[in-house]
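Some notes on the structure that comes next.
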Amino acid sequence: MRPIRLPARQKSALSALVCSTLALSLSASAAPKKVSGYESLGVTAGKTGGGATLILGDSPQSLNYYGAIDNNLGLISQQLFDGLVEFNYATYKLEPALAESWTVSADGKTYTFKLRQGVKWSDGEPFTADDVVFTYEQIIENPEARAGDAATFTQNGKKVNFEAVDKNTVRVTLQKPTPAFLLQMRNFIMPKHKLIKFSVEGGAKAADLNNAWPTNVAPAEVVGTGPFKLNSYTAGQKVSLVRNPNSWKVDAKGTKLPYLDTLDFLIIRDPQAQVAQFLAGNVDQLNITGAQFPDLKQKEVAGAPFKVVRSTALFGSPPFVAFNFDAKDAALAKLFSNLKFRVAAQSALNRNRLIETVYNGLAGLPGHGVAPANKEFYVNTKGSLGSFDLAAAGAALDALGLKDTDGNGVRNLPGGKDLEISLTYGTDSSVYPAIATIIQNDFKAVGIKVNLQGILVKNLLSTGLSGNFEMILHAFGDQPDPELRRPIWQPGGALYYWHRSLQSATDGAAPNIAKMFPWEKEIYSIFETAAVTPDRAQRKALYTRWQLLFAHNLPVIPLLKPENIGAVSNKYGNYVYNLGVIPGYNPVPLIYQK
Amino acid sequence: MLSFILRRVLGMLPTLLVISAVCFLVIKLQPGSFTDQYLEDPRFTRETAAAISRQLGLDQPPVAQYFHWLGGVLTRFDFGYSFLQNRPVVTVIGELLGWTVFIALLTLLLSWVIAVPLGIYTAFNRHSASSQVIGVLGYLGLAIPDFLAALLIVAVVLRLGGTNVGGLFSPKYIDAPWSWARVLDLLNHLWIPVVAVGLEGVAGLMRQMRASMLDVLGQDYVRTARAKGAPQRRVIWRHAVRNAINPLISLAGLSLPTLISGTIIISIVLNLPTIGPLLYDSLVNKDQYMALTLLMFSAALLLLGNLLADIALAWADPRVRYS
């Protein structure tokens with residue numbers, strides 16, 4: 001066994017600090033976790049007390065995190081529960097949470113977690129290895145749990161095995177080495193003593209788990225280890241949390257976290273109403289888009305009691321344009337499959353204009369599958385983005401034999417048909433309609449007629465997956481590890497919808513490798529290899545190669561990477577931008593009322 | 001009278017049955033499925049979709065789903081489960097019903113209290129300048145959608161430094177026990193939706209009242225009443241208004257379904273905990289039993305409203321009773 005926690009080779013001051021913190025916390029017995037070392041994020045020692053009010057975009061559908069896939073439920077849950085590991089707020093590296101330390105066997109298949117001792121649930125019951133095993137075996141690996149994750153925890157047809165070695169030790173046995181496995185250990189741990197009656201182990205049916213903790217449950221039933229605990233829920237209006245007296249985090253000075261006594265979520269659906277409530281002072285923090293930025297920034301400059309904060313983000317969804325390689329129109333499908341066409345299309349995409357006019361300058365150039373802020377995996381692919389050059393785009397299209405033969409200003413396909421493409425985009429968004437219109441205009445200038453087809457943003461993915469599109473404007477969120485985005489970027493993956501003919505007919509079967517382009521084959525094997533390569537440097541090299549292939553061959557054309565923008569009342573200190581539901585990334589405990 | 005009511009109620013049942021079948025058909029004809037909304041989540045796989053479909057009975061043929069639902073309604077008064085909330089539809093609706101009815105009745109009341117006197121006034125003073133002004137204002141009220149009016153009011157309140165810009169309570173009073181301060185806070189928030197929605201209704205009602213009043217004022221019995229020397233008040237209220245109000249009673253019956261559908265947009269804009277957004281969500285997310293139940297509820301309210309209007313009419317107008 002070799003510990004992988006301590007990155008001995010890395011010599012940066014920060015990791016040294018993390019190491020020393022870790023060593024410190026390991027030496028104490030009933031060890032709270034010291035949250036420190038975030039001076040770079042502007043974090044200082046706060047004071048206890050007060051409360052803050054945040055926003056939920058809609059009523060939660062349940063209070064059981066694993067009973068419903070629901071963003072609003074996730075926002076509440078991340079204040080109520082913890083995982084075994086969590087992200088460092090600054091470096092996005094994994095660090096101990098409910099697990100105090102862990103070791104990985106030499107073959108990369110056995111993980112042993114030492115749990116933090118002395119942690120209690122919010123009702124005073126002790127937190128033990130049984131809770132961890134219960135959460136994974138009975139809930140997350142339960143295929144009937146609507147928000148479980150049975151697929152991830154099934155390897156070679158077998159469930160990943162969780163075993164309580166003793167009260168404070170959990171051993172996990174995998175079927176194959178899985179270097180990204182630790183990231184999966186961010187899943188929230190649930191209290192066995194409260195949920196056993198809804199589990200198969202407790203004699204219930206597998207699907208009964210979804211019925212646990214409906215929104216009208218007694219608040220005392222919802223027990224967690226997180227910084228806060230549930231106080232009350234008023235249907236359709238407000239979720240109210242109070243400090244969990246048994247929380248296990250402290251700040252650099254040893255003051256118990258969270259600083260806040262209460263944390264309320266107001267349920268406000270309409271973005272305009274959210275801004276109105278923020279301006280009225282009823283809400284203390286709000287995430288906004290680049291489109292809303294000028295208005296709020298102006299008010300801030302004019303002396304309003306809040307500040308607007310920009311942060312370069314790792315998480316967040318960079319929009320891209322995808323062409324359907326399997327478009328119903330055979331001539332278009334052939335064209336879209338041609339790299340020269342996609343490169344020509346890229347030269348007609350005015351990234352700088354999109355950034356300046358649609359995002360008010362609050363965005364940057366995109367990475368290819370990895371966010372530029374991702375220090376661990378990003379490789380600079382900016383050179384492959386090319387530049388906006390309509391003349392070059394026109395010349396490239398000429399070279400493809402796409403000439404305007406009938407003199408109507410639109411190029412013609414070999415068969416004589418006009419080169420007309422329908423662009424599917426989301427109408428209920430502050431950015432997509434503007435982006436789509438700019439693309440339409442620029443493509444018109446190079447002789448491609450783009451017909452806009454607006455649908456609801458929430459239907460974009462299902463439309464993409466159905467293959468019923470020609471060109472689509474869409475976005476997938478970035479994650480710290482490419483392995484987490486494998487279904488999207490690996491050819492033949494469940495979400496690789498621009499080349500659907502590669503997907504296998506049945507889940508889990510190998511994709512149609514024979515139909516892949518050579519570069520797709522290479523990307524496919526990169527993801528296969530990297531998924532079982534424990535060595536960090538080797539994985540990084542593999543994913544570097546992937547990003548270069550992506551940038552060169554453009555399965556999709558990334559447009560830009562939006563910055564994250566939040567507005568926060570001046571009453572509060574230690575505000576760290578928080579995109580939303582990222583299990584293991586919850587800086588709210590650090591916020592304090594001045 | 002009792003047999004009349006009974007006959008009408010029994011007559012509603014087949015109508016409701018047909019409506020439920022049509023509603024279910026329309027819901028089912030929407031493309032996509034309930035599980036589509038989860039596709040973007042990394043935890044979601046085809047197996048999960050299949051498991052959820054199985055749990056919800058969506059793997060059954062639609063006809064079976066419909067009759068299963070209908071069976072539940074008829075035998076146990078069970079309107080099915082909300083897919084989104086994983087709770088019985090009835091409890092989810094029940095949580096929001098109180099506020100919905102309260103707000104709807106209050107706005108209806110406001111419309112009536114303002115519209116009826118204005119209608120009478122403008123009928124009597126048809127050619128005066130004030131009537132013209134009232135008429136123009138009425139049209140304005142009709143032309144401005146309620147949510148826009150609400151947004152304008154909110155903008156003005158914000159500019160004046162107010163904090164009551166949506167919802168029914170200030171955050172600290174939402175889950176507080178009832179007290180005078182809480183009632184005051186409620187009133188401070190409530191006037192925005194009540195005014196925004198209520199004023200929109202005023203114009204229509206006022207015109208109706210005015211037209212109907214003008215009709216009645218030309219009738220012989222009003223002239224007779226005046227001729228025999230009845231005081232003006234009595235002519236207006238006893239002879240004219242009582243007859244002129246009949247069409248408005250029918251109109252009130254028809255407005256009962258707006259309890260559910262009438263306030264969708266304003267409830268979203270003003271963040272009110274009413275049923276409207278629930279209907280919208282259930283339709284968009286294909287939460288079929290919730291959508292079906294709400295549509296049925298709306299239809300039942302329409303039928304019920306008609307019945308109540310007829311009864312009220314019979315009470316207000318002896319001619320209807322005796323015919």
Side-chain angles (χ1 to χ4, degrees), chain A residues 53 58-59 61-62 64 67-70 140 143-152 206-207 210-211 214-216 231-238 240 264 266-270 272-274 276-277 279-283 456 458-462 465 476-477 479 484-485 487 494-495 506-507, chain B residues 31-33 35-48 50-52 54-55 82-87 91-92 94-96 99 147 151 154-155 157-158 161-172 174-175 265 267-275 277-278 280-281 284-285:
Chain A
T53 306
D58 207 341
S59 310
Q61 294 168 12
S62 164
N64 171 12
I69 292 182
D70 170 17
I140 298 174
E144 297 285 321
R146 292 193 195 161
D149 198 359
T152 301
N210 301 312
N211 303 335
T215 47
N216 54 354
N231 183 43
S232 69
Y233 169 57
T234 311
Q237 299 189 65
K238 182 179 164 188
S240 149
D264 290 336
L266 288 191
I267 297 164
I268 308 175
R269 306 159 54 99
D270 181 54
Q272 296 302 325
Q274 294 179 354
Q277 291 281 24
L279 291 176
N282 292 330
V283 166
L456 288 178
K458 58 181 296 193
N459 292 334
L460 279 174
L461 183 59
S462 55
L465 289 173
F476 285 113
Q479 290 284 344
L484 293 179
R485 304 275 78 179
L495 302 180
T506 52
D507 254 3
Chain B
S33 83
T35 50
D36 282 354
Q37 58 187 306
Y38 303 128
L39 289 171
E40 212 135 337
D41 194 283
R43 291 170 285 175
F44 200 79
T45 59
R46 274 184 247 186
E47 286 87 358
T48 325
I52 292 180
R54 195 160 12 80
Q55 288 166 16
S82 158
F83 295 172
L84 279 177
Q85 304 251 348
N86 211 26
R87 285 192 294 155
T91 41
V92 178
E95 273 175 2
L96 301 172
W99 284 121
F147 67 89
L151 284 178
V154 164
V157 168
L158 261 185
T163 59
N164 49 330
V165 290
L168 286 177
F169 298 100
S170 305
K172 65 171 176 168
I174 287 176
D175 45 9
I265 300 180
S267 289
I268 293 175
V269 167
L270 281 182
N271 198 35
L272 305 174
T274 66
I275 288 175
L278 196 63
Y280 174 81
D281 271 356
V284 169
N285 294 319

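Excluded from the calculations below are hydrogen atoms, water molecules and symmetry mates; all remaining heavy atoms, backbone and side chain alike, are included.
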To the nearest 0.5 Å, tell me how far [X] [atom1] sits from [Y] [atom2].
| X | Y | atom1 | atom2 | value |
| --- | --- | --- | --- | --- |
| B:Glu95 | A:Ser59 | CD | OG | 9.0 Å |
| A:Asn210 | B:Ile52 | CG | CD1 | 7.5 Å |
| B:Leu270 | A:Asp270 | CG | CG | 9.0 Å |
| A:Ile267 | B:Asn271 | CD1 | CG | 8.5 Å |
| A:Gln237 | B:Leu96 | CD | CG | 9.0 Å |
| A:Leu279 | B:Thr163 | CG | OG1 | 12.0 Å |

Using every non-hydrogen atom in the two residues, find where [X] and [Y] come nearest and quote the distance to one decimal.
| X | Y | answer |
| --- | --- | --- |
| A:Ile69 | B:Phe44 | CD1-CD1, 3.6 Å |
| A:Ala235 | B:Pro273 | O-CB, 4.2 Å |
| A:Ala276 | B:Val165 | O-CG2, 3.6 Å |
| B:Gly162 | A:Ala280 | O-CB, 4.0 Å |

Among the listed options [options], the residue most often paired with chain B at heavy-atom distances under 4.5 Å:
| options | answer |
| --- | --- |
| A:Asp264, A:Asn231, A:Asn211 | A:Asn211 |
| A:Ser62, A:Ala206, A:Gly67, A:Ala147 | A:Ala147 |
| A:Ala68, A:Gly148, A:Ala145 | A:Gly148 |

Less than 4.5 Å apart, any side-chain heavy atom of [X] and any of [Y]?
| X | Y | answer |
| --- | --- | --- |
| B:Glu47 | A:Pro143 | no |
| A:Lys238 | B:Asp175 | yes |
| A:Arg269 | B:Tyr280 | yes |
| B:Asn285 | A:Lys458 | yes |
| B:Phe83 | A:Arg146 | no |

Is it the backbone or the side chain of [X] that comes under 4.5 Å from a heavy atom of chain A, or both, or neither?
| X | answer |
| --- | --- |
| B:Val154 | side chain |
| B:Asp281 | side chain |
| B:Ile174 | both |
| B:Phe147 | neither |
| B:Val92 | neither |
| B:Gln85 | both |
| B:Leu84 | both |

Regarding A:Thr215 and B:Arg87, is there a side-chain donor-to-acceptor distance under 3.5 Å anywhere? yes

Report yes or no: do A:Gln61 and B:Asn86 form a side-chain donor-acceptor pair below 3.5 Å? no

Side chain, backbone, both or neither: which part of [X] has a non-hydrogen atom closer than 4.5 Å to chain B?
| X | result |
| --- | --- |
| A:Leu266 | side chain |
| A:Leu465 | side chain |
| A:Asn64 | neither |
| A:Ala150 | neither |
| A:Leu495 | side chain |
| A:Thr234 | side chain |

For chain A, which candidate among B:Pro277, B:Ala155, B:Ser33, B:Gly161 shows the most heavy-atom pairs at distances under 4.5 Å? B:Pro277

Side-chain donor or acceptor of A:Gln277 paired with backbone N/O of B:Gly166 under 3.5 Å: yes

